[in-house]
Amino acid sequence: MKSSIRVFSFLIASFWAAVLPTIAQVNVTQEHNNVSRDGVYIDAGFTPSAAANLTRDLNFNGTISGNVYAQPLYIEGGPKGPMVIAVTESNNVYALDATTGLPIWSRTDIGPPVQTTPCGGFNPTGITGTPVVDLASRRLFFDALISGSPNKHFIYSLNVDTGVTTPGWPVDLNATVVYNGIPFVSLAQEERGGLALVNGIVYVSYSGYLVKRARLGDHSNWRRHLGTRWRCQRRHKHVCDHREHV
């Protein structure tokens, strides 16, 4: 089925298909394409005069399965041309041809999403936060909540051109993140924020679902760092940092 959530983002993608050939093209590798995370999206080519001439490209037909809350990304430089990267709450990942919308590759084997989450979570919940792409290594990073016993958050790294999982990934947060004897508990954590890439480190943020669990110690907000070395320390009472090799 076609996702009915955040349709505006896909319309923008198809609008750009009409205007991009006439201006300098720009990779969109993260949420708002802005590392400052201040909510501002600035593109020098997106001027009032350029916007006035945008039309919807009816030849673009990006059909995917699952609800979409993450911002689609736009990546160039691959062997099959420009791509739109889209992820869904069904734990599906798609690289779509930016001109036609046809799939270049897709991953529907990440794992089943969690059907019910507490306190206003999405149902189902799979990949919610906007991924980030490291153009230097051509790698796509995202967090997926996967149903199991127990439910777990996994951070994935895929080759953005092929969809193949990077060797050594994904990272199981339940198994790897502990601070002062307090483990990361996926049942109590949600991941909505867009991932960020700064100085070779991927940042993934989490916030708690269960208010009642705050007194038990597993409701803490966590921030996950994936970088060049391991580090885990308590910050501001409720944040843990963690690094390992990217």
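The basis for the numbers below is simple: all heavy atoms, side chains too, and nothing from hydrogens, waters or symmetry mates. Heads up: numbering here begins at 1 and tracks the sequence.
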Compute whether any side-chain donor of one residue and acceptor of the other, for N27 and T29, lie under 3.5 angstrom apart.
no
Just how far is it from atom CD1 of I127 to atom CZ of F122, taken to the nearest 0.5 Å?
13.5 Å
Backbone N or O of H32 within a donor-acceptor pair of the Q71 side chain at under 3.5 Å?
yes
State the OG1-CD1 distance between T88 and I110, to the nearest 0.5 angstrom.
10.0 Å
Check whether N174 reaches the backbone of K152 with its side chain - one donor and one acceptor, N or O, closer than 3.5 Å.
no
Tell me if a side-chain donor or acceptor on R37 pairs with a main-chain N or O of G194 at a distance below 3.5 Å.
yes
Please confirm whether the backbone N or O of I182 pairs with a side-chain atom of N180, one donor and one acceptor, at under 3.5 Å?
no
Inter-residue atom distance F142.CZ - L195.CG, 0.5 Å rounding:
10.0 Å
Measure the shortest side-chain to side-chain distance between R138 and I75 over non-hydrogen atoms and say whether it is less than 4.5 angstrom.
yes
Nearest heavy-atom approach of A44 to T47 is O-CG2, 3.4 Å
Donor-acceptor under 3.5 Å (E89 side chain, G126 main chain)
yes
Test side chain to side chain donor-acceptor pair (under 3.5 Å) on N92 and S90 and set out the steps.
CA-CA 5 Å; N92 297 331; S90 297; 4.6 Å; no
Please give me the minimum heavy-atom distance between S65 and Y94, naming the atom from each residue.
N-OH, 3.1 Å
When rounded to the nearest 0.5 Å, the distance separating CG of L140 from OH of Y156 is 12.5 Å
Please check if the side chain of N91 supplies one atom and the backbone of G111 the other of a donor-acceptor pair under 3.5 Å.
yes
With sequence neighbours left out, the residues meeting salt bridge (charged side-chain N to carboxylate O under 4.0 Å, His left out) with D38 are none
Restricting to non-hydrogen atoms, name the atom on L158 and the atom on V93 that form the minimum distance, rounded to 0.1 Å.
CD1-CG1, 4.4 Å
Residues T130 and Q30: side-chain donor-acceptor under 3.5 angstrom
no
Those residues that, when tested against D143, pass side chain to side chain donor-acceptor pair (under 3.5 Å) (two or more places apart):
H153, Y206
Determine, using the 4.5 Å side-chain heavy-atom cutoff (strictly less than), whether M83 and L102 are members of one ILVMFWY cluster.
no
Any side-chain heavy-atom pair of V185 and P183 under 4.5 Å:
yes
Nearest 0.5 Å, please: how far is OH in Y41 from CG in N33?
5.0 Å
Do you know the tightest heavy-atom contact between N159 and T166?
N-OG1, 4.5 Å
Looking only at heavy atoms, the pair that brings L54 and F46 closest together is CD1-CE1, 3.6 Å
Spatial distance of atom OG1 (T117) from atom CG (N151) [nearest 0.5 Å]:
9.5 Å
Stepwise, does the side chain to side chain contact (heavy atoms under 4.5 Å, CB included) test hold for L145 with E191?
CA-CA 8 Å; L145 181 62; E191 199 290 302; over 6 Å; no
Can you tell me if N53 uses its side chain to pair, donor with acceptor, with the backbone of A50 under 3.5 Å?
no
Can you name the closest pair of heavy atoms from P72 and V84 and give their distance?
CB-CG1, 3.9 Å
Is the side chain of T125 donor-acceptor paired with the backbone N or O of V114 at a distance under 3.5 Å, no angle test?
no
